[in-house]
Colleague: 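I have a structure I would like to understand better, so I am pasting it below and will then ask my questions one at a time.
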Amino acid sequence: MSTLLEVNNVSKRFTMGGLFGRRVVDAVQEASFSLTTDKPEIFTIIGESGSGKTTLARMILGLEDASEGEILFRGKRISRHMGQAERLAFMSAVQPVFQNPFEAFNPLKKIERYLSSTARRFLRTSDRATIDRAMDEALQKVGLSLKEVRGRFPHEMSGGQLQRCAIARALIPNPPLLIADEPVSMVDASLRMSIVNLLRSLRDDLGVSVIYITHDLATAYYISDRIIIMQRGRIVEMGDARTVLENPEHPYSRLLKASVLSTDDAGAGKLATDPGMVDLANAMMGRAGKLVDRQDGRRVRVYDEA
Ligand SMILES: Nc1ncnc2c1ncn2[C@@H]1O[C@H](COP(=O)(O)OP(=O)(O)OP(=O)(O)O)[C@@H](O)[C@H]1O
């Protein structure tokens, strides 16, 4: 079994302000997990806003350095200070998909311009036919074609179609790993599942692993193989997605699940989340505790009684 990505005890601390108004945010604390090359998977990072998901993703993409710990991709350390050639090789293997496809594309440029510059950069060619072939192949993988996209500007596509184009762009160098940060949250609800299903087919048909970052428990349940649940920078529960989400153990994981149910029940006028549950989850915030292994394979953060 060989390792694709290793996140070893990674923490990120942001320090803001001057001498007198110094503020410290521990955005990620001691995160550890790994992905192997043998089994492509959808590995989900879930948590509410501010729990550290994007910071973790940015460190995995080499856009931010860890304050402590290390991240290895195929055994090599990832850092913001990688040399140009090393970065290009890394970027061809680990590609991001961002939240808002309308921001990812320049509104004044045709979509194919963006795709062709990616092809030129990663395939190191300026041969027109090779670039067109690479763009078409990537677009076919997401259910589009160069014929459909050619000549069109971003505003001439739906959010769902444009997100497909963004995913196609990411697929041009044939990366084994995509980092998708909230890829469906800006997409129309009616088109969301088609993007989620697309991620699944990338895993099943192309063998691409996806780190799927979300705060949407429903899509997470639907596509994830494994999941980590983050609360204020700390992993509080991790393991097989079904094991964890069907029967969450940590109070914060239980709260996340209950919050989703309460949305479903809202129409029936049922109470939103039980305040006792919120208090219990909040009481864990900021406490270090430790992750322990459970018999069913999950890891859960537990705390010494005060
Ligand atoms: N560059 C930065 N400088 C200072 N603080 C930051 C920076 N980036 C993130 N933070 C802080 O780190 C914490 C984690 O933020 P992060 O964006 O990683 O969370 P998140 O789970 O991705 O949230 P969201 O779902 O809203 O994107 C937050 O308190 C945030 O304010």
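We count residues from 1, following the sequence as given. Every number for a ligand or one of its atoms is a count from 1 in the order of the listing.
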Colleague: Only heavy atoms of Val25, strictly under 4.0 Å: list the atoms of ligand 1 that pass.
Modeller: 11 (C), 12 (O), 13 (C), 29 (O)
Colleague: With heavy atoms of Glu48 as the reference, note each atom of ligand 1 found under 4.0 Å away.
Modeller: 21 (O)
Colleague: Can you tell me the protein heavy atom closest to atom 25 (O) of ligand 1 and the distance?
Modeller: Lys53 NZ, 2.9 Å
Colleague: Is there a heavy atom in Gly52 that sits closer than 4.0 Å to ligand 1?
Modeller: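 Under 4.0 Å: yes for Gly52.
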Colleague: For Ile131 and Leu123, run side-chain contact (heavy atoms from CB on, under 4.5 Å): C-alpha distance rounded to whole Å, both residues' side-chain angles, the deciding distance at 0.1 Å, then the answer.
Modeller: CA-CA 8 Å; Ile131 291 172; Leu123 308 180; 5.8 Å; no
Colleague: Which residue from Thr15, Ile213, Thr214, Thr55 reaches closest to atom 18 (O) of ligand 1 through any of its heavy atoms?
Modeller: Thr55
Colleague: Is the distance between the ring centroids of His155 and Phe105 less than 6.0 Å?
Modeller: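 No: the rings miss the under 6.0 Å criterion.
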Colleague: Could you check Asp136 against Lys141 for salt bridge (Lys or Arg N to Asp or Glu O under 4.0 Å), going step by step and ending with a plain yes or no?
Modeller: CA-CA 9 Å; Asp136 192 47; Lys141 288 174 184 167; over 6 Å; no
Colleague: Please write down residue, atom name and distance for the protein heavy atom closest to atom 14 (C) of ligand 1.
Modeller: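 I find the closest protein heavy atom is Gly50 O, 3.5 Å.
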Colleague: Is it true that Arg234 and Glu30 make a salt bridge, defined as a side-chain N closer than 4.0 Å to a carboxylate O?
Modeller: no
Colleague: Run the side chain to side chain contact (heavy atoms under 4.5 Å, CB included) test against Pro40 and tell me which residues pass, sequence neighbours left out.
Modeller: Arg203, Ser209
Colleague: Between Phe90 and Arg74, is there a cation-pi geometry (under 6.0 Å to ring centre, at most 45° from the normal)?
Modeller: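 Judged by the rule, Arg74 and Phe90 form no cation-pi pair.
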Colleague: Are any of the N or O atoms of Glu64 closer than 3.5 Å to those of ligand 1?
Modeller: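 No; every N/O pair is 3.5 Å or more apart.
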Colleague: So which heavy atom in the protein is nearest atom 24 (P) of ligand 1, and how far is it from that ligand atom?
Modeller: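 Ranked first by proximity to atom 24 (P) of ligand 1 is Ser49 OG, 3.7 Å.
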Colleague: For a salt bridge (Lys or Arg N to Asp or Glu O under 4.0 Å) with Arg77, tell me which candidate from Glu86, Glu6, Glu70 qualifies.
Modeller: Glu70
Colleague: Identify, by atom number and element, the atoms of ligand 1 in contact range of Met16, meaning under 4.0 Å from any of its heavy atoms.
Modeller: 4 (C), 5 (N)
Colleague: What protein heavy atom sits nearest atom 17 (O) of ligand 1, and how far off is it?
Modeller: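 Nearest protein contact, heavy atoms only, for atom 17 (O) of ligand 1 is Thr54 CB, 3.8 Å.
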Colleague: Taking only residues two or more places apart in sequence or in another chain, which ones pass side chain to side chain donor-acceptor pair (under 3.5 Å) with Arg80?
Modeller: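 Here no residue qualifies.
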Colleague: Quick one: do Arg298 and Asp296 make a salt bridge, cutoff under 4.0 Å?
Modeller: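 Yes, Arg298 and Asp296 are salt-bridged.
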Colleague: Can you name the atoms of ligand 1, numbered from 1 with element, that are less than 4.0 Å from a heavy atom of Ser51?
Modeller: 19 (O), 20 (P), 21 (O)
Colleague: For atom 1 (N) of ligand 1, what's the nearest protein heavy atom and its distance?
Modeller: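 Checking every protein heavy atom, the shortest distance to atom 1 (N) of ligand 1 gives Phe14 CE2, 3.5 Å.
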Colleague: Looking at atom 31 (O) of ligand 1, tell me if a protein heavy atom falls under 4.0 Å from it.
Modeller: no
Colleague: Considering only the protein, which heavy-atom contact is closest to atom 12 (O) of ligand 1, and what is its distance?
Modeller: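 The answer is Ala27 CB, 3.3 Å.
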